[in-house]
Amino acid sequence: MDARLDFFAHQSSGKVLKNFITAGRALRESPLPAATQELVALRVSQINGCAVCLDMHTKDAVAAGETAVRLNLVAAWREATVFTEAERAALELAEEGTRIADGAGGVADAVWERAARHHDEEQLVALVLLISFMNTANRMNVITRQPATGSYTPGLAH
């Protein structure tokens with residue numbers, strides 16, 4: 001499969017993507033725990049079917065010390081006991097924030113309250129930005145059929 005577009009081959013999109021990548025790097029430096037960031041990135045990418053991001057974030061998570069058990073259970077986090085309550089609240093917010101069109105009222109108050117119970121306001125800001133960032137990256141990759149070649153090198157996107 002070949003990509004429909006090469007964003008970096010065009011001056012205008014190259015400028016935008018350079019800033020987009022810089023924003024992603026800034027998110028990595030937020031007070032949201034690194035493990036939570038990778039779990040959320042994976043879950044959003046699973047929902048959106050973004051193979052490029054799944055390859056990237058799985059490898060980055062492993063390089064950061066994440067276990068295969070937890071990575072393999074992200075898709076079924078509700079039934080898994082290997083995640084903290086804070087991680088579960090972040091994953092729930094990530095799912096509702098990603099599937100926003102599926103819910104008539106957007107993100108439910110109860111979901112927000114659970115996330116707020118486990119994350120301070122600065123972490124919540126980072127979490128909402130990360131969910132939004134990942135949805136944007138996923139959509140760009142899926143729309144243009146960016147292939148996952150399996151060749152991503154951990155840490156390259158940092």
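All of these numbers come straight from a predicted model, not from anything done at the bench.
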Check whether Ile47 and Phe83 end up in the same hydrophobic cluster, where Ile, Leu, Val, Met, Phe, Trp and Tyr are linked by side-chain heavy atoms less than 4.5 Å apart. no

Applying the 4.5 Å side-chain criterion to the ILVMFWY set and letting contacts propagate, would Trp112 and Val44 be lumped into a single cluster? yes

What one should report as the nearest heavy-atom pair of Leu27 and Ala126 is CD2-O, 3.8 Å

Are Val52 and Met140 connected, step by step, through hydrophobic side chains (Ile, Leu, Val, Met, Phe, Trp, Tyr) whose heavy atoms are closer than 4.5 Å? no

Applying a strict under-4.5 Å side-chain criterion to I, L, V, M, F, W and Y, I'd like to know whether Val125 and Met134 cluster together. yes

Roughly how far, to the nearest 0.5 Å, is CZ of Arg145 from CG of Asp2? 11.0 Å

In terms of heavy-atom contacts, does CG of Asn19 have more than 12 from other residues, nucleotides or ligands at under 6.0 Å? yes

Salt-bridged, Glu38 to Lys59, with N to O below 4.0 Å? no

Separation of Leu73 CG from Leu39 CG (nearest 0.5 Å): 10.5 Å

Would you say Asn141 and Met56 make side-chain contact, with heavy atoms under 4.5 Å? no

side-chain hydrogen bond (donor to acceptor under 3.5 Å, both in side chains) partners of Thr144, counting only residues at least two apart: Gln146

Taken to the nearest 0.5 Å, the spacing of Asn138 CG from Thr98 OG1 works out to 7.5 Å

Heavy-atom nearest pair, Arg139 first then Asn48, reads NH1-ND2, 3.3 Å

When rounded to the nearest 0.5 Å, the distance separating OG of Ser45 from CG of Leu54 is 5.0 Å

Please identify each residue that fulfils salt bridge (charged side-chain N to carboxylate O under 4.0 Å, His left out) with Glu66, with sequence neighbours left out. Arg70

Kindly determine whether His118 and Leu127 satisfy side chain to side chain contact (heavy atoms under 4.5 Å, CB included), including the steps that lead there. CA-CA 12 Å; His118 296 284; Leu127 184 55; over 6 Å; no

Report yes or no: does Arg4 contribute a side-chain atom to a donor-acceptor pair with the main-chain N or O of Ile143 at less than 3.5 Å? yes

Counterpart residues, salt bridge (charged side-chain N to carboxylate O under 4.0 Å, His left out), relative to Arg114 (two or more places apart): Glu92

Taking Asn135 for the side chain and Ile131 for the main chain, is one N or O donor matched with an acceptor at less than 3.5 Å? yes

Taking the side chain as everything from C-beta on, heavy atoms only, tell me whether Leu93 gets closer than 4.5 Å to His119. no

Say you draw a straight line from OG1 of Thr36 to CG of Leu91; how long is it, rounded to the nearest 0.5 Å? 8.0 Å

So, using salt bridge (charged side-chain N to carboxylate O under 4.0 Å, His left out) as the criterion, who are the partners of Arg78 when residues are at least two apart? Glu95

Are Leu129 and Val16 connected in a single hydrophobic cluster, I mean Ile/Leu/Val/Met/Phe/Trp/Tyr linked by side-chain heavy atoms less than 4.5 Å apart? no

Contacts of type side chain to side chain contact (heavy atoms under 4.5 Å, CB included), residue Asp120, not counting sequence neighbours: Glu122, Gln123

If every non-hydrogen atom of Glu87 is compared with every non-hydrogen atom of Ala35, which pair is closest and at what distance? OE2-CB, 4.2 Å

Does Gln37 use its side chain to pair, donor to acceptor, with the backbone of Leu32 at less than 3.5 Å? yes

With sequence neighbours left out, write down each residue that passes ring pair (Phe, Tyr, Trp, His ring centres under 6.0 Å) with Phe133, or none if nothing qualifies. Phe20

To check you understand the geometry: which heavy-atom pair defines the closest contact between Val111 and Glu96, and what is its length? CG2-OE2, 3.3 Å

Closest contact, heavy atoms only, Ala94 versus Val40: CB-CG1, 3.8 Å

